[in-house]
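One structure below.
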Amino acid sequence: MVPQFPPLIAQLRQLAQGYRGFHTPGHQRGRGAPASLRAWWGEAVFTADLAEIPGLDNLGQPEGILRSAQARVAEIFGAEHTWFLVNGATAGVLASLLAVHRENGCVILPRHVHQSVIHGLILTGAKPIFILPEWDAQQQVWGGIDPEKLTAILASKNHSSINALVLNSPTYKGVCGAVAECIEIAHKYNIPVIVDEAHGAHFPFHPQLPDSALTLGADVVIHSTHKVLTSLTQSALLHQQGNRISPQRISQCLRLVQSSSPSYLLLASLVAMAEQMAEQAETLFDQLLTQLTWFIPAINYIPGFSTLKINADQIGFTAQDPTRLVIQTQELGVTGFMLDELLHEQYKITAEFPDYGDLTFILSPSHTEADLQIFVQALQEISTNRPAQPLTALPPLPAVTEAVMSPREAFFAPQRMLPWREAVGKTCATMVSPYPPGIPILLPGEWIAPEVVDYLQEIDRLGGQVVGVEIDQTIAVVSNW
Ligand SMILES: Cc1ncc(COP(=O)(O)O)c(C=O)c1O
């Protein structure tokens, strides 16, 4: 059966042949493409890789086929306006922080935001007001922020200086915070709410999935559709609704952070993905959720393994994405890093995100019953062959230190590199995030306490990764000379 082609894709197909091009891209519809890639990818990828030629549109200021395609995708996702992103959800986060920025303003945000949010603070100069998210010590997992802490901050601060509230829900491990309550609290003060729902792009499409922040009334929602839906890597969506953030301002700010030569391969993949959701989402997610009714109990039955199950009565833990599988490994006496390596090397099963005490996987409707059975068999074998041995516990996270400068001031200040130990007492000039636990332990402008360096060394010893420091264990500090 010939599939229905959405207008953008039909247009690309029509323009892909029959024209003699004298324009970018230089491979000229594949004729000049390297033979190695042509042999592997075939011709079609190159013929569809067109620039903004007549019949196509300008993503920076769409007036034709991209404008109507964005409107159609907004309708499918339930937003008032939607923009196509070709530099990942990262571009959406940066553009939305730029769009709400007013000079000398602040942004309220949880500490476990993605680095793109911190980069947005560096670009804008907004001062962060951090709220430490809730921590479930038993399950060793972060939730969202406590709405009461947000209320307390708003009651005590001059809220006219607050540019926005940023929320990060769901987390990488699929935990959703109290998004509805936080939006309601911020909106009482007319503060716009930006929700980084990068990992929840599928939420609008099935009643058994957690509510999307779009239905909960967020002003801007960012979806990394390439992570959990079917568009190509680096494609994502920014949605807006209401009147707190102007769509024109978002368009202006997106022009600051996106390429002026967006890939039509990425754009076509966004359009096709959205139509796929419009037509099939309910059936596809029904199939996946049905599979999970045997798959999750089967994993929990294997000695040594259990899957993350949040307690939804706990503050900051409102819902959980059933398609995000977090396998806890500590009972078996292996770290998530060890299990990750074992599965990849010996069973050719590749996970999404290893942590000290667990391993996270993304489950999608494209996984077949056979995939899931092979997965369970691999875990069974690993469980049988590996005797349990207690693991050293992770050290407790040291308290966040005081900010001496704003992230922007520190990032643009003169810097020098120092070994970790010698950096104690200095001002950090970069962002340092140990994985685990994936919370930035230092931001540009924060004072480097001795406990922070102890913590980094312990995480390194336990096999974790410290992102933001150099491999020779040096760190960028603000230089006073
Ligand atoms: C919570 C969160 N937000 C934003 C991003 C950025 O997404 P992208 O890789 O699509 O730029 C990520 C990426 O991992 C993320 O985990």
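Note that ligands are numbered from 1 as they come in the structure, with each ligand's atoms numbered from 1 the same way.
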(request) Could you grab the distance from atom CD of Gln314 to atom CG of Asp146, nearest 0.5 Å is fine? (result) 11.0 Å
I need the atoms of ligand 1 closer than 4.0 Å to a non-hydrogen atom of [X], numbered in the order shown.
{"X": "His226", "result": "8 (P), 9 (O), 10 (O)"}
{"X": "Ser224", "result": "7 (O), 8 (P), 10 (O)"}
{"X": "Ala198", "result": "2 (C), 3 (N), 4 (C)"}

Return yes or no for this condition: an N or O of [X] is under 3.5 Å from an N or O of ligand 1.
{"X": "Ser116", "value": "no"}
{"X": "Ala89", "value": "yes"}
{"X": "Tyr172", "value": "no"}

(request) Could you tell me whether Asn168 approaches ligand 1 through its side chain, its backbone, both or neither, with non-hydrogen atoms closer than 4.0 Å? (result)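 Under 4.0 Å from ligand 1, Asn168 contributes side-chain atoms alone.
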(request) State whether the side chain of Thr329 and the backbone N or O of Val334 hold a donor-acceptor pair below 3.5 Å, judged by distance alone. (result)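 Checked: pair present.
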(message) I'd like to know if the side chain of Glu197 and the backbone of His199 have a donor-acceptor N/O pair within less than 3.5 Å.
(response)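 Answer holds: no.
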Relative to each other, are the rings of [X] and [Y] parallel, tilted or perpendicular (30° and 60° limits)?
{"X": "Tyr172", "Y": "Phe353", "result": "parallel"}
{"X": "Phe295", "Y": "Phe375", "result": "perpendicular"}
{"X": "Trp142", "Y": "His112", "result": "perpendicular"}

(message) Looking at Arg67, I'd like to know if its CZ atom is crowded, meaning that more than 12 non-hydrogen atoms belonging to other residues, nucleotides or ligands lie closer than 6.0 Å.
(response)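 Counting other residues, nucleotides and ligands, CZ of Arg67 stays at 12 neighbours or fewer.
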Which protein non-hydrogen atom lies closest to [atom], naming both residue and atom, and how far is it?
{"atom": "atom 16 (O) of ligand 1", "answer": "His199 NE2, 2.7 Å"}
{"atom": "atom 3 (N) of ligand 1", "answer": "Asp196 OD2, 2.6 Å"}
{"atom": "atom 11 (O) of ligand 1", "answer": "Thr90 OG1, 2.6 Å"}

(message) For Arg72, is there an ion pair with Glu275 - N to carboxylate O distance below 4.0 angstrom?
(response)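 Salt bridge present between Glu275 and Arg72.
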(message) In this structure, does ligand 1 have an atom that sits under 4.0 Å from one of the heavy atoms of Lys227?
(response)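 Contact present.
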